[in-house]
Protein chains: 2
Amino acid sequence: MSVTLRDVALDAGVSVRTVSNVVSGTVRVAPDTRSRVEASLQKLGYRPNVIARNLRQGRTGLIGLAFPELDVPYFAELARAIVRASREHGLTVVIEQTEGREEHERALLDGGARGTVFDGLILSSLALGADEIADLAGNLPIVMLGERAPHHRLDHVGIDNVAAARVATEHLVSLGRSRIAAIGYQHPKVNETAHLRARGYEDALADAGLPVDRSLCAYTDAYHREDGAQAIRRLLDLPSPPDAVFCFNDLLALGAMRAALAHGVRIPQDLAIVGFDDIEDGRYSTPTLTTIVPDKEQIALVAVEMLLARLSDDPSKAREHLARFELAVRESTVRRRRRRG
Amino acid sequence: MSVTLRDVALDAGVSVRTVSNVVSGTVRVAPDTRSRVEASLQKLGYRPNVIARNLRQGRTGLIGLAFPELDVPYFAELARAIVRASREHGLTVVIEQTEGREEHERALLDGGARGTVFDGLILSSLALGADEIADLAGNLPIVMLGERAPHHRLDHVGIDNVAAARVATEHLVSLGRSRIAAIGYQHPKVNETAHLRARGYEDALADAGLPVDRSLCAYTDAYHREDGAQAIRRLLDLPSPPDAVFCFNDLLALGAMRAALAHGVRIPQDLAIVGFDDIEDGRYSTPTLTTIVPDKEQIALVAVEMLLARLSDDPSKAREHLARFELAVRESTVRRRRRRG
DNA sequence: CTGAAAGCGCTAACAT
DNA sequence: ATGTTAGCGCTTTCAG
């Protein structure tokens with residue numbers, strides 16, 4: 001079938017050992033032997049059998065990357081950066097989609113009946129709690145992604161959600177808005193992100209001496225455009241509707257913006273909107289979306305490097321990395337002179 | 001280290017063969033033996049070593065999925081569907097990102113010095129021509145995705161681009177528009193998609209008795225929002241600007257829409273816009289985007305099934321599948337009463 | 001510097 | 001129905 005080391009060895013008149021040495025390049029080989037072997041390698045078109053190598057070495061050279069949904073722009077953008085960073089480190093990425101379902105996350109971690117194909121996992125979890133994840137993972141190195149509180153047994157990279165949410169809310173306060181709503185509340189057990197961002201929001205209101213009006217805290221089932229659209233409609237139907245809204249991610253914000261505009265609301269005059277994630281759509285929407293910009297490149301890079309460290313038996317205790325973020329002020333909160341773009 | 005078949009065999013007092021049979025479930029095993037083995041399996045927490053199994057079987061159980069960019073919404077949405085379809089067929093997906101670079105596509109196909117990890121590949125190619133791909137692939141089963149002319153040596157799934165582009169253009173004609181521009185022209189060697197969609201566009205104009213005005217055919221470097229924005233600015237600066245534009249994908253259209261609105265143009269009154277791909281953003285933009293809707297679920301499903309057929313040594317000659325498409329008419333071409341949405 | 005050979009964990013042919 | 005064992009292709013220990 002395909003060309004093996006043995007075939008090459010026979011052709012070059014050397015042992016398998018020598019061919020292996022030439023291919024791997026780790027051991028010194030006599031120049032003339034080397035060139036002879038290389039000629040045979042070339043002639044026969046040898047390609048290493050990755051599986052055999054892996055079996056011998058006990059590793060697959062693969063890392064898993066698990067997101068709830070690949071077509072959520074924030075995840076897609078992060079996936080892109082992670083795949084690129086992985087390639088630069090010689091790692092290949094197996095992609096997994098949990099659909100936010102506990103059974104799928106569980107199967108990923110414990111390998112299940114089908115076994116585990118990757119050496120380590122970068123996981124953006126929705127359904128499972130940190131303790132459960134740590135238990136299930138066993139020896140499998142894990143880097144948790146995304147927005148959750150630190151955990152003593154799991155590596156984690158994300159940003160400071162409370163601080164970021166506070167910055168977003170303070171921006172709305174600084175514009176003189178006083179009825180500032182929030183969209184994206186969820187039960188804390190279900191979604192830690194929501195909990196942290198809600199805290200930043202409420203803290204900022206408190207600091208500004210504004211009350212936290214529960215009727216302005218909109219719960220949503222999920223974080224898609226449609227959820228944002230539904231939430232804003234409910235808010236706009238209130239006796240005294242909000243004059244600003246902080247959405248816990250950009251998709252919610254874009255959905256809310258669309259629905260508000262369709263409702264005849266002017267943005268930002270009647271309603272200022274801030275999002276979170278800086279997905280590309282928000283830079284091209286009309287109006288463009290003010291949002292929290294996490295440094296995705298940095299998140300990706302650090303996640304891959306953390307995992308790499310674990311893979312080389314780094315015994316250090318769980319590490320936490322908080323990436324940079326900033327607020328990008330755009331047209332959904334501050335009216336601009338008409339410009340090209 | 002980890003628990004092997006041998007460990008389980010020892011514990012249960014049977015041979016590895018028997019344990020293997022229990023695990024795989026392909027051979028009949030006496031009920032009491034089975035339960036004894038299962039107890040040991042459970043007790044020791046056996047997990048199959050996927051690599052060893054693969055080595056023995058000569059397959060990895062992995063398929064490759066290669067896109068130029070994962071964060072382009074059309075690719076992200078397709079990736080989601082393909083990953084899901086793959087899981088349903090017991091396949092795991094290795095994701096590759098070519099960045100549209102020839103060297104990366106080439107490395108994917110010939111395995112390069114690092115060998116190939118997957119059994120087959122679903123490839124959305126940008127840089128390489130079909131002949132080259134077929135040559136490089138050798139025995140590696142390939143399913144080509146996307147928008148290119150059929151090829152006698154490669155399986156392919158996509159939609160009829162000429163027909164779809166024609167439908168899009170005819171829609172604009174039917175609205176009484178007469179200066180219909182197109183955005184997304186590229187050199188045919190660089191991008192077959194562009195070529196096919198341009199043909200559909202020009203055919204439709206010809207059928208309607210409209211001239212193909214070369215000044216209305218806008219070339220772009222790529223297919224991102226920014227390219228669409230730049231192109232529409234050039235078109236709007238013409239002595240007699242277009243009253244409609246067909247963009248060769250939705251990102252171009254969304255970029256063009258944004259720039260046109262910023263330019264003070266009313267959509268659809270002054271300028272009607274049609275896109276291509278039906279990405280989610282276009283369903284929530286303001287105005288919402290009229291577009292060609294390819295059946296992505298079907299594309300994903302057929303692609304995976306075609307590959308699966310090849311993997312089981314299906315010797316049939318190259319197959320072509322054209323998935324359904326339809327035109328979704330939205331606000332960027334037809335003004336609607338204000339609605340909740 | 002290079003050859004011989006063990007063995008990674010599993011499946012499947014062969015034997016009973 | 002189950003035990004024994006060769007061998008998938010590679011890396012690496014042990015000799016030389």
Side-chain angles (χ1 to χ4, degrees), chain A residues 1-41 44-62 111-119 139, chain B residues 1-41 44-62 90 111 113-119 139:
Chain A
M1 193 53 200
S2 78
V3 183
T4 72
L5 279 190
R6 195 163 160 282
D7 299 328
V8 178
L10 256 67
D11 184 81
V14 296
S15 76
V16 178
R17 165 72 203 253
T18 304
V19 182
S20 174
N21 286 342
V22 171
V23 171
S24 66
T26 50
V27 182
R28 275 187 59 77
V29 178
D32 55 335
T33 316
R34 143 157 285 141
S35 58
R36 197 147 35 92
V37 171
E38 277 170 347
S40 298
L41 244 20
L44 302 180
Y46 172 78
R47 290 281 174 266
N49 180 320
V50 185
I51 313 178
R53 178 179 291 171
N54 290 341
L55 174 57
R56 184 57 229 238
Q57 305 189 142
R59 302 181 303 97
T60 63
L62 301 173
R114 300 205 8 237
T116 307
V117 288
F118 38 76
D119 300 330
N139 291 323
Chain B
M1 194 51 200
S2 79
V3 182
T4 73
L5 280 189
R6 197 164 159 279
D7 298 328
V8 179
L10 256 68
D11 185 82
V14 296
S15 75
V16 282
R17 164 73 204 254
T18 305
V19 183
S20 175
N21 286 342
V22 170
V23 171
S24 67
T26 51
V27 183
R28 275 186 58 78
V29 177
D32 54 335
T33 316
R34 143 157 285 138
S35 57
R36 197 146 35 92
V37 171
E38 277 169 349
S40 298
L41 245 19
L44 302 180
Y46 172 79
R47 289 284 174 265
N49 180 321
V50 185
I51 313 178
R53 176 180 294 170
N54 290 341
L55 174 57
R56 184 59 229 239
Q57 305 190 142
R59 302 180 304 95
T60 63
L62 301 173
R114 299 201 14 234
T116 307
V117 288
F118 38 74
D119 300 328
N139 292 323

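Letters A, B, ... mirror the listed sequences (proteins, then strands); counts begin at 1. Keep in mind that the numbers below use all heavy atoms, side chains included, and drop hydrogens, waters and symmetry copies.
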Practice problem: Would you mind reading off the bend of the helix from C:dC1-D:dG16 to C:dT16-D:dA1 from its two end axes, five pairs each, to 10 degrees? | Solution: 40°
Practice problem: With a 4.0 Å heavy-atom cut-off, tell me which residues in residues 9-20 of chain B come close to DNA chain C, sorted by residue number. | Solution: B:Arg17, B:Ser20
Exercise. Round to the nearest Å and state the distance from B:Arg6 atom CZ to D:dT4 atom P.
Key: 12 Å
Self-check item: Straight-line distance of B:Leu55 CG to A:Arg56 CZ, nearest 0.5 Å
Solution: 12.5 Å
Practice problem: Please report, rounded to the nearest Å, how far the P atom of D:dA1 is from the CZ atom of B:Arg28. | Solution: 5 Å
Quiz item: Hey, does A:Ser24 reach any base, or is it just sugar-phosphate, or nothing, if we go heavy atoms under 4.0 Å?
Solution: nothing
Practice problem: Write down the atom of A:Ser20, the atom of A:Leu5, and the distance for their closest heavy-atom approach. | Solution: CB-CD1, 3.8 Å
Quiz item: Any idea which of C:dT2, C:dA12, C:dC1 is nearest the B:Arg56 side chain?
Solution: C:dA12
Quiz item: Should A:Thr4 and A:Asn49 count as side-chain neighbours, where that means a heavy-atom distance under 4.5 Å?
Solution: no
Quiz prompt | Non-hydrogen atoms of A:Glu38 and A:Val22 that approach each other most closely | solution = CG-CG1, 4.0 Å
Self-check item: Shortest non-hydrogen contact between A:Leu62 and A:Val117, atoms and distance
Solution: CD1-O, 3.7 Å
Practice problem: Identify the two heavy atoms, one from A:Thr33 and one from A:Val14, that lie closest to each other, and give their separation to 0.1 Å. | Solution: CG2-CG1, 4.0 Å
Quiz item: Can you find a heavy atom in the side chain of A:Val23 that is under 4.5 Å from one in the side chain of A:Arg53?
Solution: yes
Quiz prompt | Value in whole Å for how far the P atom of C:dG9 lies from CZ of A:Arg53 | solution = 19 Å
Quiz item: Tell me: CG of A:Asp7 to C1' of D:dC8, nearest whole Å?
Solution: 13 Å
Quiz item: Using a distance-only test with no angle check, is there a side-chain donor-acceptor pair under 3.5 angstrom linking A:Arg17 and A:Asn21?
Solution: yes
Quiz item: Just how far, in rounded Å, is P of C:dC8 from CD of B:Gln57?
Solution: 19 Å
Self-check item: Whole-Å distance separating the CZ atom of B:Arg47 from the P atom of C:dC8
Solution: 21 Å
Self-check item: Set of residues satisfying side-chain hydrogen bond (donor to acceptor under 3.5 Å, both in side chains) with respect to B:Ser40, sequence neighbours excluded
Solution: B:Asp11
Self-check item: Between D:dG7 (C1') and B:Asn54 (CG): distance, integer Å
Solution: 16 Å
